[in-house]
Engineer: 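Before we start, here is the structure in question, set down as C-alpha cells.
Position 1 is the first residue of the sequence; numbering continues from there.
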Amino acid sequence: MKTDISWLNTLRQNALTQFEQTRFPSQRLEDWRYTNLSAIEKKQFAFANQVETFDDTHKNHLADFMLNDCYHAIFVDGFFDALLSTLPENITVCSINEAAEHHETVLAPVFNQAIESPHGFTHFTNVHFSDGIFVCINEHSQLDKPLQILHFATQQAMSATRHVVILEENACATLIETFIGVETQTYLTSSVLEIFLNDHANLTLYKVQQDSDKAYHFGGTYVKQADNAHFTHHNFALGGLLARSEIMSHLETGAQCELNGLYLGENRQHLDNLTRIVHAKPDAVSREYYKGILNHRARGVFQGRIVVAKDAQCTDSQMNNRNLLLSSDAEIDTKPQLEIYADDVKCTHGVTVGQLDEKSIFYLQSRGIDEDHAKHILTFAFANEMVDKITVPSLHDCVFTQLLARFPQGAER
C-alpha cells in the first residue's frame, strides 16, 4: 500500500482514531442487533501477507471461479495480482494504490464520500486496506464486457480491500464481485465498494459471496445516484460462517434502483443482509426483492429500510422479503422499514416466512415423486427465480451450479 500520499494518510489516521473508539459494531447498535461479532474479536487474526506464488490446488480453485468472457481483477489475500488479472485497455481500470498516485485529482474528492453511516467495519477497512480496484468510465462510454473483481483468500488471516467505481454521464458497465477462499481456512475478509453514478449512468453489479464455511465476511456497497442514474444489484450470499452484506444507495431526481438478493444458509451459518435506499429527490423509483432459504440451525437476517425525504414527492418504492425455513431449528429475523416524510408517494413492503407447502409436496408425490425429491424441486424453484435474473451467461451457470449442489434433485423435470 502507498504510504507517502498525504490525503490518504490523513484519512487512514482519522479512521484509526474512530476505530479505536468504536471497535467492531456491537449488538447495542440497532443495525447490528441480530449479529454478534464477539467471535471475530476473540480470533485475533493476523494480517495477510502478500503471496508471490501458490500451489496447483489453489490455482485450480481460482480457475474454477474465473468467469468466461469477462475481464478479471484478481485479489489474493487482499493484494492485487497484476499477472493473474486481465483489464480493459480503453477504460481507466487500475489498482486503488496506482489510482491514488496517478489519478489523485479524480479519486481524492470522492473517496469515502458515499458512506453515509460509517461504523467499525468501514473504519477498519479504511485503516487496513492493502489494495483495491479503481474504475472510471468516461461519459457516453461503455465497458464492452463484464469486469469480475475476484477476491481469493488463501491464508488464515484477515484482509481488507477498498474499491471505487465512477461512471460519468451516460456511461454503462457491468461488474461482478466474487469472494472465495480455501475451504480449510478460517479467515476474515472486509471489503468496501463506493460507487458514483452521474446523470443517466447505468451500472449492473453482481455479488457472489462463496467464502469458506469457516470464514467471516463483511462487504459494504455504497452508491450515489445522480439524476436519472440506474443501479441494479444482485446479491448472492452462499458461503461463510458469519457474513454481513450492506447495500446502501442515495437517489437523486428520477434515479432508479433495483436490489435483488438470495441467501442460502445451512448448518450454523449466520447470513446478515442490510439494505438502505434513500429517496432524496422527486420521481425516483426503487424495487427490492430478497429471498432466503435456511436449513439446519442456520440464521438469516434481513433489514431493509426505505427513506423518503420531505422533498422526494412522487416516489415509487416497493420492498419484498420472502423466507423459506427448511428446519424447525432455522431462524430468520426480518425487519422491513418505511420512513416517509413526503405525502405524494407510493410505497409498499411485504414479508413472508414459512415452510414448504404441504399441498404442493402431496401433489408431486401423487405424480410418483418421492418426498425428498419433491422438497428439492420446490426449494430449487423458490431460489431459481433469483438466479434467472442473472443475464451474464457464465455467471448464471456458476451460481446455478452452486444452487444445484445444495438441491441436487431440484432441476430434474
Engineer: So among Phe179, Phe24, Phe121, which one has a ring pair (Phe, Tyr, Trp, His ring centres under 6.0 Å) with Phe218?
Structural biologist: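 The option that passes is Phe121.
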Engineer: Would you call Phe134 and Glu98 a side-chain contact if the rule is heavy atoms closer than 4.5 Å?
Structural biologist: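 Sidechains of Glu98 and Phe134: no contact.
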Engineer: Could Arg276 and Asp31 be called an ion pair, given the rule that one side-chain N must be under 4.0 Å from one carboxylate O?
Structural biologist: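 The answer is yes: the pair qualifies as a salt bridge.
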Engineer: Counting neighbours of NZ on Lys207 that are heavy atoms of other residues, nucleotides or ligands and sit closer than 6.0 Å, is the number greater than 12?
Structural biologist: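 It does: Lys207 NZ has more than 12 such atoms within range.
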Engineer: Would you please say whether a donor-acceptor pair under 3.5 Å links the side chains of Gln318 and Asn320?
Structural biologist: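 Judged by distance alone, the side chains do not pair up.
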Engineer: For the residue pair Leu62 and Leu84, establish whether any side-chain heavy-atom pair is separated by less than 4.5 Å.
Structural biologist: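 Yes, side chains in contact.
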Engineer: Look at the side chain of Gln209 and the backbone N and O of Asp211, then say whether any donor-acceptor pair between them is shorter than 3.5 Å.
Structural biologist: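 Side chain of Gln209 to backbone of Asp211: a pair is present.
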Engineer: Going by the side chain to side chain donor-acceptor pair (under 3.5 Å) test, name the single residue among Ser191, Ser159, Ser190 that passes it with Thr125.
Structural biologist: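 Result for side chain to side chain donor-acceptor pair (under 3.5 Å) with Thr125: Ser190.
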Engineer: Taking atom CD of Glu169 and atom OG of Ser141, what is their separation to the nearest 0.5 Å?
Structural biologist: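 Going from the CD atom of Glu169 to the OG atom of Ser141 covers 11.5 Å.
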Engineer: For Arg322, check salt bridge (charged side-chain N to carboxylate O under 4.0 Å, His left out) against everything at least two apart and list the hits.
Structural biologist: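 Partners of Arg322 under the salt bridge (charged side-chain N to carboxylate O under 4.0 Å, His left out) test: none.
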Engineer: In Å, rounded to the nearest 0.5 Å, how long is the span from CD of Gln44 to CE of Met158?
Structural biologist: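 Gln44 CD to Met158 CE: 9.5 Å, rounded to 0.5 Å.
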Engineer: Does a side-chain heavy-atom distance below 4.5 Å link His58 with Val51?
Structural biologist: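 SC-SC contact between His58 and Val51 ruled out.
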Engineer: Where the side chain of Gln225 meets the backbone of Ala255, is there a donor-acceptor pair that is under 3.5 Å apart?
Structural biologist: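 No: the side chain of Gln225 does not pair with the backbone of Ala255.
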Engineer: Kindly indicate, with the supporting measurements, whether the criterion side chain to side chain contact (heavy atoms under 4.5 Å, CB included) is fulfilled by Ile115 and Glu194.
Structural biologist: CA-CA 8 Å; Ile115 304 174; Glu194 288 188 280; 4.0 Å; yes
Engineer: Is a side-chain N or O of Asn295 found less than 3.5 angstrom from the main chain of Leu264, in a donor-acceptor match?
Structural biologist: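 Absent.
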Engineer: Start with the C-alpha distance between Glu139 and Asn198, add both sets of side-chain angles, then the distance that settles side chain to side chain contact (heavy atoms under 4.5 Å, CB included), and finish with yes or no.
Structural biologist: CA-CA 9 Å; Glu139 60 183 19; Asn198 287 288; over 6 Å; no
Engineer: What pair of heavy atoms forms the shortest contact from Ser212 to Glu183, and how long is it?
Structural biologist: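 Between these two residues, the closest heavy atoms are OG-O, 3.3 Å.
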Engineer: Applying the salt bridge (charged side-chain N to carboxylate O under 4.0 Å, His left out) criterion to Arg305, which one of Glu288, Glu246, Glu339 satisfies it?
Structural biologist: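 Of the listed options, the one satisfying the test is Glu339.
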Engineer: Assign the ring pair Phe231 / His233 to parallel, tilted or perpendicular, where the plane angle (0 to 90°) is split at 30° and 60°.
Structural biologist: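 Phe231 and His233: tilted rings.
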Engineer: How about CD on Glu41, more than 12 heavy atoms from neighbouring residues, nucleotides or ligands closer than 6.0 Å, or not?
Structural biologist: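 Result for CD/Glu41: enclosed.
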Engineer: With rounding to the nearest 0.5 Å, note down the distance linking CD in Gln27 to OG1 in Thr35.
Structural biologist: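 That separation rounds to 7.0 Å.
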Engineer: Can Arg287 and Asp316 be counted as an ion pair, charged N to O under 4.0 angstrom?
Structural biologist: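 Salt bridge between Arg287 and Asp316, a charged N being under 4.0 Å from a carboxylate O: yes.
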Engineer: Walk me through whether Asp131 and Phe79 qualify under side chain to side chain contact (heavy atoms under 4.5 Å, CB included).
Structural biologist: CA-CA 6 Å; Asp131 213 332; Phe79 295 91; 5.5 Å; no
Engineer: Any salt bridge linking Glu30 with Lys335? Criterion: basic side-chain nitrogen under 4.0 Å from a carboxylate oxygen.
Structural biologist: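 Yes, charged N to carboxylate O under 4.0 Å.
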Engineer: Taking Arg12 for its side chain and Val127 for its backbone only, find out whether a donor-acceptor pair lies under 3.5 Å.
Structural biologist: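 Indeed, once roles are kept as given, a pair shorter than 3.5 Å links the two residues.
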Engineer: Would Asn112 and Arg162 count as a side chain to side chain contact (heavy atoms under 4.5 Å, CB included) if you check the C-alpha gap in whole Å, the side-chain angles of each, and the deciding distance to 0.1 Å?
Structural biologist: CA-CA 10 Å; Asn112 214 45; Arg162 197 65 169 72; 3.0 Å; yes
Engineer: Under a 3.5 Å distance rule, please check whether Glu252 uses its side chain to pair with a backbone N or O of Asn228 as donor and acceptor.
Structural biologist: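 It does not hold such a pair.
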Engineer: Please determine whether a side-chain nitrogen of the Lys or Arg among Lys224 and Glu116 lies less than 4.0 Å from a carboxylate oxygen of the Asp or Glu.
Structural biologist: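 Here Lys224 pairs with Glu116 in a salt bridge, since their nearest N and O are under 4.0 Å apart.
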Engineer: Checking side-chain polar atoms at under 3.5 Å, does Ser38 have a donor or acceptor matched by the opposite partner on Asn36?
Structural biologist: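 On atom types as modelled, these side chains qualify, holding a pair under 3.5 Å.
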Engineer: If you take all heavy atoms of Lys291 and Asn321, which pair is closest and at what distance?
Structural biologist: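 Of all heavy-atom pairs spanning Lys291 and Asn321, the closest is N-ND2, 4.5 Å.
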Engineer: Do Tyr187 and Asp77 have side-chain atoms, one donor and one acceptor, less than 3.5 Å apart?
Structural biologist: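 No, Asp77 and Tyr187 have no side-chain donor paired with an acceptor closer than 3.5 Å.
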Engineer: So which of Thr17, Leu11, Asn9 actually passes side-chain contact (heavy atoms from CB on, under 4.5 Å) with Gln13?
Structural biologist: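 Of the listed options, the one satisfying the test is Thr17.
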Engineer: Would you check if there is a donor-acceptor pair between the side chains of Asn267 and Asp213 at a distance under 3.5 Å?
Structural biologist: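 No.
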Engineer: Which pair of non-hydrogen atoms, one from Leu143 and one from Ile137, has the smallest distance, and what is that distance?
Structural biologist: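 What the structure gives for the nearest pair is CB-CD1, 4.2 Å.
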Engineer: A side-chain contact here means heavy atoms from C-beta on lying under 4.5 Å apart; do Gln18 and Pro118 qualify?
Structural biologist: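 Gln18 does not reach Pro118 side chain to side chain.
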Engineer: Do His396 and Val387 come close enough that some side-chain heavy atom pair is under 4.5 Å?
Structural biologist: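 When only atoms from C-beta onward are counted, Val387 and His396 do touch, with a gap below 4.5 Å.
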Engineer: Less than 4.5 Å apart, side chain to side chain, heavy atoms only: is that true for Met319 and Ile306?
Structural biologist: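 Contact flag for Met319/Ile306 side chains = yes.
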Engineer: Quick one: are Gln185 and Thr154 in side-chain contact, heavy atoms under 4.5 Å?
Structural biologist: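 Heavy-atom side-chain distance check fails, nothing below 4.5 Å.
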Engineer: Indicate the atoms forming the closest heavy-atom contact of Ala73 with Leu87, along with that distance.
Structural biologist: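 Taking every non-hydrogen atom into account, CB-CD2, 4.0 Å.
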Engineer: Run the ring pair (Phe, Tyr, Trp, His ring centres under 6.0 Å) test on Phe380 and Phe400 for me, step by step, so that the C-alpha distance in whole Å, both residues' side-chain angles and the decisive distance to 0.1 Å come before the verdict.
Structural biologist: CA-CA 10 Å; Phe380 187 94; Phe400 185 88; 5.4 Å; yes
Engineer: Is there a ring pair (Phe, Tyr, Trp, His ring centres under 6.0 Å) between His217 and His151? Walk through the geometry before answering.
Structural biologist: CA-CA 11 Å; His217 172 94; His151 304 78; 8.4 Å; no
Engineer: Identify the residue among Phe80, Phe129, Phe152 that makes a ring pair (Phe, Tyr, Trp, His ring centres under 6.0 Å) with Phe75.
Structural biologist: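 Result: among Phe80, Phe129, Phe152, Phe80 is the only option passing the ring pair (Phe, Tyr, Trp, His ring centres under 6.0 Å) with Phe75.
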Engineer: Without hydrogens or angle criteria, can the side chains of Thr174 and Thr204 be said to hold a donor-acceptor pair below 3.5 Å?
Structural biologist: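 No - no donor-acceptor pair under 3.5 Å links their side chains.
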Engineer: Assess the side chains of Asp144 and Tyr71: does a donor N or O sit below 3.5 Å from an acceptor N or O?
Structural biologist: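 Judged by distance alone, the side chains do pair up.
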Engineer: Any chance the side chains of Asn138 and Glu168 put a donor and an acceptor closer than 3.5 Å?
Structural biologist: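 Absent: no donor and acceptor within the cut-off.
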Engineer: Ignoring hydrogens and angles, tell me if any N or O in the side chain of Thr178 forms a donor-acceptor pair with the backbone of Leu150 under 3.5 Å.
Structural biologist: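 It does not hold such a pair.
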Engineer: Mind listing the closest non-hydrogen atom pair of His279 and Ala312 along with its distance?
Structural biologist: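 For His279 versus Ala312, the nearest heavy atoms are O-CB, 3.2 Å.
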Engineer: To the nearest 0.5 Å, what is the distance between CG on Leu197 and CG on Asp227?
Structural biologist: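 One gets 12.0 Å once the value is rounded to the nearest 0.5 Å.
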Engineer: Give a yes-or-no answer on whether the side chains of Tyr263 and Asn323 include a donor-acceptor pair shorter than 3.5 Å.
Structural biologist: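 Distance-only check passes for Tyr263 and Asn323.
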Engineer: Looking at every heavy atom in both Asn202 and Leu167, which two are closest together, and how far apart are they?
Structural biologist: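 Residues Asn202 and Leu167, closest heavy atoms: O-CD2, 3.5 Å.
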Engineer: What distance do Asp388 atom CG and Thr391 atom OG1 have between them, rounded to the nearest 0.5 Å?
Structural biologist: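 Here the interatomic distance stands at 11.5 Å.
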Engineer: How many angstroms lie between CD1 in Ile247 and OG1 in Thr275, if you round to the nearest 0.5 Å?
Structural biologist: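 Taking CD1 in Ile247 and OG1 in Thr275, the distance rounds to 7.0 Å.
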Engineer: Does the side chain of His103 reach to within under 4.5 Å of the side chain of Cys94, using non-hydrogen atoms?
Structural biologist: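 His103 vs Cys94: side chains touch.
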Engineer: Taking the inter-plane angle between the rings of His234 and Tyr206 on a 0 to 90° scale, is it parallel (under 30°), tilted (30 to 60°) or perpendicular (over 60°)?
Structural biologist: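 Rings of His234 and Tyr206: parallel, as their planes differ by under 30°.
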